[in-house]
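Here the structure is laid out as structure tokens; the discussion comes afterwards.
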Amino acid sequence: MTAKEIEKELETYSTPEKKEFLPYFFKTGKGEYGEGDKFLGVVVPDTRKVAKENKDISFDELVKLLDNKYHECRLCALLILVEAFKKTRSEAKRKSIVDFYLSYTHRINNWDLVDLSAKDIVGEYLVDKDRGILYELADSTLLWDQRIAVISTFAFVRRNDHKDILALSEKLLHHKHDLIHKAIGWMLREVGKRDKSLLIDFLNRHHKEMPRTMLRYSIEKLTPEEQAFYMKKK
């Protein structure tokens, strides 16, 4: 299959309702984070189905999908990369997928594209490796690089390895964008589900300076009394 054929296949799953709703949901208006993005109107399960059916296409065709104006084509490319990464045990192949992914972060340009790929590619690759690249991504001026850095740590968190998300949370604590606030809050919540004491320690040190959205996300699994305590102190 070629990129053009995959686009045509995705179009068969399009619905008028989703084509109208998705641009609003993903903030594509002037000045919004998804400004100018275009949608075919395809839901994620259908995009995932197309990806699984075409997981062996070449990097050349994936480039065309990532350069496509339609959001679902870019998502399909990323889901194909996730499938390819899961499938191979070759270290060389896994590295080539990660390198390719990181060379196209400017096209991984919305939160769902990051969230459905970063942890399963970059995160999984770095589980047993040096993680310096995450701090380089966090220092990037590109919002999506920074979200990739945060969401990639989910691969570590689900293995009860919390060092990097705690460090990145401190590093990005005063970030201006709520997409980073939400990402950090989500990952801190995941930390708390596994080791509540680590979350409480982080909150005790930083809750007064945490952006409100970040704080709300991070305390969602705490007791109502604990939530009230931290929100009041905020």
Side-chain angles (χ1 to χ4, degrees), residues 1-88 90 92-125 137 140 142-149 151-152 154-155 179 182-183:
M1 291 283 278
T2 65
K4 182 55 67 175
E5 288 171 328
I6 288 174
E7 179 182 339
K8 293 295 184 184
E9 188 174 351
L10 286 167
E11 286 175 355
T12 66
Y13 292 99
S14 174
T15 67
E17 296 79 13
K18 288 299 180 183
K19 195 167 187 176
E20 180 180 356
F21 171 72
L22 290 174
Y24 166 80
F25 183 73
F26 285 106
K27 309 294 185 185
T28 63
K30 186 172 177 58
E32 295 182 306
Y33 58 75
E35 181 177 353
D37 205 356
K38 306 294 183 186
F39 288 81
L40 290 168
V42 183
V43 296
V44 171
D46 290 333
T47 305
R48 195 183 297 280
K49 185 187 305 180
V50 174
K52 287 183 176 180
E53 292 169 353
N54 297 281
K55 58 180 177 292
D56 295 320
I57 72 168
S58 69
F59 279 173
D60 287 343
E61 294 302 318
L62 285 173
V63 167
K64 295 174 186 176
L65 280 175
L66 286 169
D67 283 336
N68 195 290
K69 67 180 179 180
Y70 288 116
H71 186 100
E72 294 92 338
C73 288
R74 302 197 302 281
L75 176 57
C76 191
L78 296 169
L79 293 176
I80 288 170
L81 284 173
V82 169
E83 289 298 317
F85 189 90
K86 289 178 179 177
K87 178 182 174 182
T88 185
S90 163
K93 178 66 173 177
R94 285 160 63 95
K95 184 177 187 303
S96 70
I97 292 170
V98 172
D99 290 346
F100 178 82
Y101 182 92
L102 292 175
S103 70
Y104 274 87
T105 59
H106 62 292
R107 300 300 294 158
I108 308 172
N109 54 354
N110 214 312
W111 59 264
D112 64 315
L113 304 181
V114 172
D115 295 1
L116 291 170
S117 61
K119 65 185 183 300
D120 297 315
I121 297 176
V122 179
E124 287 297 324
Y125 181 71
L137 289 167
S140 170
L142 183 63
L143 174 67
W144 311 117
D145 281 350
Q146 296 169 325
R147 188 162 175 120
I148 286 169
I151 299 300
S152 293
F154 201 175
L179 286 180
K182 290 175 180 177

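For the numbers below, each heavy atom of this structure counts, side chains included, while hydrogens, waters and symmetry mates do not.
- Remark: Arg94 CZ to Phe85 CZ distance equals 3.5 Å, nearest 0.5 Å.
- Looking only at distances, a side-chain donor or acceptor of Glu72 sits under 3.5 Å from a matching main-chain atom of Gly41.
- Side-chain atoms of Glu83 never come within 3.5 Å of backbone atoms of Lys52 as a donor-acceptor pair (strictly under, hydrogens ignored).
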Item to check | Val82 vs Leu116, side chain to side chain contact (heavy atoms under 4.5 Å, CB included): CA-CA, chis, key distance, verdict | outcome: CA-CA 9 Å; Val82 169; Leu116 291 170; over 6 Å; no
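- In this structure, the separation between CG on Leu78 and OH on Tyr101 is 6.0 Å, given to the nearest 0.5 Å.
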Item to check | Audit row: Asp145, His106, side chain to side chain donor-acceptor pair (under 3.5 Å) steps and yes/no | outcome: CA-CA 8 Å; Asp145 281 350; His106 62 292; over 6 Å; no
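- Closest non-hydrogen pair, Lys119 versus Ile151, comes out as CB-O, 3.5 Å.
- Looking at Ser152, its side chain never comes within 3.5 Å of a backbone N or O of Ala149 through a donor-acceptor pair.
- The side-chain heavy atoms of Leu10 and Tyr70, taken from C-beta on, include no pair separated by under 4.5 Å.
- Side-chain contact between Glu9 and Glu53 is present, with at least one heavy-atom pair separated by less than 4.5 Å.
- The closest side-chain heavy-atom distance from Ile6 to Ile80 is below 4.5 Å.
- With a 6.0 Å cutoff to the six-membered ring centre and a 45° limit on the axis angle, Lys27 counts as a cation-pi contact of Tyr24.
- Shown here for Asn110 and Gly34, the closest heavy-atom pair between the two residues is ND2-CA, 4.1 Å.
- Scored by the side chain to side chain donor-acceptor pair (under 3.5 Å) test, Arg74 finds Asp37, Asn109 as partners (sequence neighbours excluded).
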Checklist entry - Where do Thr47 and Val50 land on the side chain to side chain contact (heavy atoms under 4.5 Å, CB included) test, with the steps shown first? => result CA-CA 5 Å; Thr47 305; Val50 174; 5.8 Å; no
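- Under the 4.5 Å side-chain criterion, counting only non-hydrogen atoms from C-beta, Tyr33 is not in contact with Thr28.
- Classification of the Phe25-Trp111 ring pair by plane angle, with boundaries at 30° and 60°, yields perpendicular.
- Between the SG atom in Cys73 and the CD atom in Glu11 there is a gap of 7.5 Å [rounded to 0.5 Å].
- Taking both residues in full, the closest heavy atoms of Val42 and Tyr13 are given as CG1-CB, 3.8 Å, listed atom of the first, atom of the second, then distance.
- With sequence neighbours left out, Lys87 forms a side chain to side chain donor-acceptor pair (under 3.5 Å) with Asp56.
- Scanning both residues, Ser140 and Leu142, for their nearest heavy atoms gives OG-N, 2.9 Å.
- Leu102 places none of its side-chain heavy atoms less than 4.5 Å from the side chain of Tyr125.
- Lys30 is listed as a side-chain neighbour of Glu35, based on a closest heavy-atom distance under 4.5 Å.
- Classification of Asp99 and Lys95 as a salt-bridged pair holds, one side-chain N sitting under 4.0 Å from a carboxylate O.
- Between the side chain of Thr88 and the backbone N or O of Ala84, no donor-acceptor pair lies under 3.5 Å.
- Atom OG1 of Thr15 is separated from atom CZ of Phe21 by 11.0 Å, given to the nearest 0.5 angstrom.
- Annotation: the span from Glu20 atom CD to Leu22 atom CG amounts to 10.5 Å, rounded to 0.5 Å.
- Salt bridge status for Glu7 with Lys4: present, with a side-chain N to carboxylate O gap under 4.0 Å.
- No salt bridge links Asp67 with Lys64; every basic N to acidic carboxylate O contact stays at or beyond 4.0 Å.
- Residues Leu79 and Ala51 come closest through the heavy atom pair CB-CB, 3.6 Å.
- Residues Lys19 and Ser14 share a closest heavy-atom pair of CD-OG, 4.5 Å.
- With sequence neighbours excluded, no residue forms a side chain to side chain donor-acceptor pair (under 3.5 Å) with Trp144.
- The shortest distance between side-chain heavy atoms of Asp115 and Arg147 falls below 4.5 Å.
- Aromatic ring centres of Phe39 and Phe26: separated by under 6.0 Å.
- Side chains of Ile97 and Phe59 form a contact here, defined as non-hydrogen atoms less than 4.5 Å apart.
- To the nearest 0.5 Å, atom CD1 of residue Ile148 and atom CG of residue Leu143 are 10.0 Å apart.
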